[in-house]
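Heads up: the structure comes next, in structure tokens.
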Amino acid sequence: MLLIDCPWCGPRDECEFSYGGEAHIKRPENPDKLSDAEWADYLFMRTNPKGRFPERWVHTHGCNRWFNAVRDTVTHDISATYGMGEDGPEGRS
Amino acid sequence: MDNGYMRQGPLDYIPISAELEADQGGNDATVVLEDRGFRGQIVLQGKASDAEFFDAVSDITGLRPSKETNVVTGGPGFPRLLWLGPEEWLLVTEDEESGRIMLGLTNSFKGRHVQVVDNSDAYAIVGVRGASARDILAKGCTLDLHERVFRSGSSTRTLLGQVQVILHQVTDDPDYEIHVHRSFAEFLWEWLVDAGQEYGLKTVRP
Amino acid sequence: MKRQRYRMPDGGRIDRSQPLHFTFNDRSYQGYVGDTLASALLANGVAIIGRSFKYHRPRGVFSAGAEEPNALVQLEQGSHTQPNLRATQIELYSGLKAESINCWPSVDFDLWSLIGLFGRIFPAGFYYKTFMTPNLLWPIYERIIRQAAGLGRAPSDPDPDRYENINTHCDILIIGGGPSGLSAALKAGQSGARVILADEQNEFGGALLGSDDEVDGGPALDWVEKTVGELEEMAEVRLLPRTTIFGYYNHNFLTAVERVTDHLGVSDDPLPRQRSWRIRARQVILASGAIERPMVFENNDRPGVMLASAASTYANRYGVCFAKRVVVFTNNDEAYRTALIFKKFGIHVSLVDVRPEFNGDWPRKATAAGVEIIFNSAVTGTRGRRKVKGVNISAFGMDGNLGETRHLSCDLLAVSGGWNPTVHLYSQSGGTLTYDKQRMCLIPEKAGQAVNVVGAAKGTFELERCLKEGAREGARVAKNLDFVGSGSVRSKSKTVLENEQPLQPKWLIPSRKHPEGGPSHFVDLQTDVTVADIALAAREGYDSVEHLKRYTTLGMGTDQGKTANINGISILSGIRGEELPSVGHTTFRPPYTPVTFGALAGRQVGQFLDPLRRTPIHHWHTRAGAVFENVGQWKRPWYYPVLDEDMNDAVVRECRSARKSIGILDASTLGKIEIKGPDAADFLNLIYVNSWNNLEVGRCRYGLMLGEDGMVMDDGVTSRMAEDRFFMTTTTGGAARVYSWLEEWLQTEWPEMEVYLTSVTENWATITLVGPNSRKLLGELTDDINLDLKSFPFMTWREGKVAGVPARVFRVSFTGDLSFEINIPARYAISVWTACMTAGEKYAITPFGTEAMHVLRAEKGYIVVGQETDGTVTPGDLGMERMLSKKKDFIGRRSLARVETLRSDRKQLVGLDTEDPSTVIPIGSQIVATTKKRPPMDMIGYVTSSYYSPNLKRSVALALVKSGRNRHGERVYLPMENGTISALICNPVFFDPEGERLNG
Ligand SMILES: [Zn+2]
């Protein structure tokens, strides 16, 4: 059970949060200009690294805010949490 | 129009035994569960940067929305203003006051980007007070309820017994108020009664 | 009733003034308060507790704690029964009933033990080799194996006991209440930090409970009592005896089980039987102690062979001495302690030490006490059929060769192979272990989390150093958390002996017949894994620790090999000719000791398994005799049977009334969201496939919502309340999902949009009036809403009072008939509903449930998201492509232009007209164009909705069929188990296709 440091509420149990997948994936400005393959890349393809991974969480049963977290997918260490639109410790990967 | 007989509270159908009803205070119990009845519950949403929004709320309710997270402005009396999120507060008023305050807020915010919604009937309010209250809540809530962390004047949304609630510690006794969505109210009440069994919990309706 | 033959007249931590009666294998015995089942059985001279897993060899008590591999029992009977409990950890209570497991017909005469006589039919990998072919025989094999091999019986009745769970937080969690844990707790507690001290035993003291050590110049147990007393006074210290920390998870989250009333026996106490703790600790101090390592020699499994520390504990702590002659066998100093304790009770003790003769305090003291010490020698085997009667001893030199054998008679063989730190939780937490060549054991190396190890768990075995280490770490950890308090001076132990002799790394003792160790050299007593099994596994190539474990079942018993694993891997490393560190160790996994399912489930059982939601009108439905249906967590009226109606009768009546006169439905479960802000309409344009800019205030519109993959995710009616304000409704099941979905887009993708969302689902009750008379009825209940067709047309909404209550009334329809959705604040729901029922009496108003609602909407071909859709259905598939706006972007739009979503052979929504109109096709049935004699057949689609329509007097079915829209009129088949249903593909709108009834 993870302990996640909500940027607003502080450390809370994982059960209060919902997962939102990889962070910093911007919806394309003009989807019509994209090929099927490019659109599929936006829709489905994720980096899925072994190690540090910027991802999105929402404090569903708390302040209801979305935020980003850098979590190590091997150790589950969360090295940083930061608000939407903010740059993480490693910039926007 | 507000005829009392026309209203049904979310916990009206919960059996509260006569013996317990007679024991109105329940003062000898280590923990008392109480249906706190109808209240005005108004959702306020506005931008943290919108000073006029803060001023207007303050003018009408006498309470300034907190920018500090997870705290209550006002209380233990009414009205109270609970921080729910960085742009969201819950104004809790006495039931009779809610219409007037709602009207005042709505009028004041005409043409502004502020959300004011009367959500009074969305939540039941359950009181849990007494020495064992903390232990009962801890059975179904992962918050750290220790007085060094969560004290009177603290409030937050959280999960209790798998149900989303707004938990507010009203006084140091401790006395907690749980705002629970109306549809879950009976489930949560029964859950609390069961959780309190080992502490000799008593149920009270004012 | 037998007398406690082996109980000493005094001493120990039992209360002789409180005798307890219990039965074991149907015989009555007596023990005392303070006993465990194991100590009480030993006091009564019960040597054989059970039979071994594979060979059914007699086994007795081997340890005095959680590591017990042998003495497993079935506790209590009927619904209270529990299998495989360790007798060494069961606190004795009055009336306790226990029996042996894995023996038939009885533990003293076990027929399966004949297996042992017929030699080795269960070699390593036995299951894989023996029973693989032929497959058909497997059921027979399985039955035989299950009877022969196995442990206790699971109860078959529901568990009558109560279990609780509780979440807690602390600054410092201290695991283990022995000398180092208590010292740490004292310092940490004095600092003012929030401390939890948990120990699996019924009292604190750990190893001191079974020893005769001294602390601060007095008995160690006096120090324990004083320390516990001080801790009890500290407001922020929580003491949890009888509590096993069994799991160590991420972010210092630990789970524990507290045995609250287990020691009181079967009772109907309001207190729970067990309580599971979920602990979030900022820092953990692990003081979990160590487990003694056994020696491996021939027939080392006989009852009467016991760990030396356990033998001391039974004597010192429980006042049990079940031997007249004791042999102690050791490779280290520790066993001298045991020898001295037995000597103190006047028992004849011989001590066999594999080490060469040395001059140290221990041998000097032992010799002085009259212990016969035999250096340079080993126990090579035991004698006795049902219990140890004697041992064989040989000289055992450094070369590993055995000398002359001599025989020593004894009735207790106490063995000591040194200590293994209890590193299970450390390893679970992600910490790495290293092999300490000095102390010859695995010790913590690098922590993976905020955990600090003290005492024997770290390889610090001397009492004085444990006290020191505990106090130092307790203070340091607290200080690092900014807790600095003042405390008393540190306690000291003077029981340090000088000239200690290091342990000699010999654990496997050869026998003359088996110089490398053989099939009676037991390594894992619980799973009957022997040295021969390990050798065989290695020969067959299973020589990595993980393979070895699975091939031989080493360490796979309920004890997880607490006394077996280290010997197992050290024997494997010997076979591989490598050092132990390079062989590695298997992963330690939770739970540390077995946990009941009851404790794991905690409160989440029965009515509290999953939350249940009730609508504001629920109790009216209950009184009306409604039968409820679970819709997600909601309880919704399914149908309302009258008198002796069955479901079919009730649904038919409800459907007819709703079309003929008036029906009333509780639709309060619909999701409702208030959407406010200058960008609200633009936001809806992105969320829905259709356009919202031109929707006038006072009007409603049906909207379809897609995922970014273009698949339908929700639908519902959204109404414009003001220029900048909309009221969205969602499906019942989609309410929470849609609200989160909208918030996610607003917060993550379009934060610049000025829109606020508020979920108001629970604030409003929704009462739907359906049918030609609904306008008339509503007219009687309101005087400020003009209901005539022109003033209140279809897809508009009005505000006013209904039955005296402020309401929002929407003219929408989910049945195709004239219909009004009345929204009122939830507190008035029953009043307004009752007013409708009373006023509607003359129209024979009929409450209808979800089943009738489904029939009515299916007659009209209206879809239900989640029934007609399953996350793979596009608007086009549903025939709704006309709704798609071409003037704007919306979520999912680009995906609708993908090659895959444009395919012409996608499954499309159609109706099915069954050949026999009375046939109702089961929902989910597969559709084929041509039938074959037997499956597989080419499936072209499946049925999504199917009902009998009383209004049409025929069945109606909706289906998704490949290229369905071009196949209207084609015949298809639905092969069923008992014959094939034939149907024509048709338009999905069965009832009133012209839509004439909408206006009543
Ligand atoms: Zn938060």
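Lettering follows sequence order; numbering is per chain, from 1.
Within the 4.5 Å cutoff, side-chain heavy atoms of A/His61 are placed close to those of B/Gln164.
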- Message: As a quick check of understanding, evaluate side chain to side chain contact (heavy atoms under 4.5 Å, CB included) for A/Glu16 and B/Leu143, giving each step before the final call.
- Response: CA-CA 10 Å; A/Glu16 290 190 358; B/Leu143 278 186; 3.9 Å; yes
- side chain to side chain contact (heavy atoms under 4.5 Å, CB included) between B/Thr69 and A/Cys63, worked out: CA-CA 9 Å; B/Thr69 61; A/Cys63 63; over 6 Å; no
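Between the side chains of B/Thr158 and A/Arg12, not a single donor N or O lies within less than 3.5 Å of an accepting N or O.
Here the closest heavy-atom approach between residue B/Leu159 and residue A/Cys15 is recorded as CD1-O, 3.4 Å.
For B/Trp89, the CH2 atom counts as densely surrounded, since its 6.0 Å shell holds more than 12 non-hydrogen atoms of other residues, nucleotides or ligands. For B/Glu52, the CD atom counts as loosely surrounded, since its 6.0 Å shell holds 12 or fewer non-hydrogen atoms of other residues, nucleotides or ligands.
To the nearest 0.5 angstrom, B/Glu87 atom CD is 5.5 Å from A/Arg65 atom CZ.
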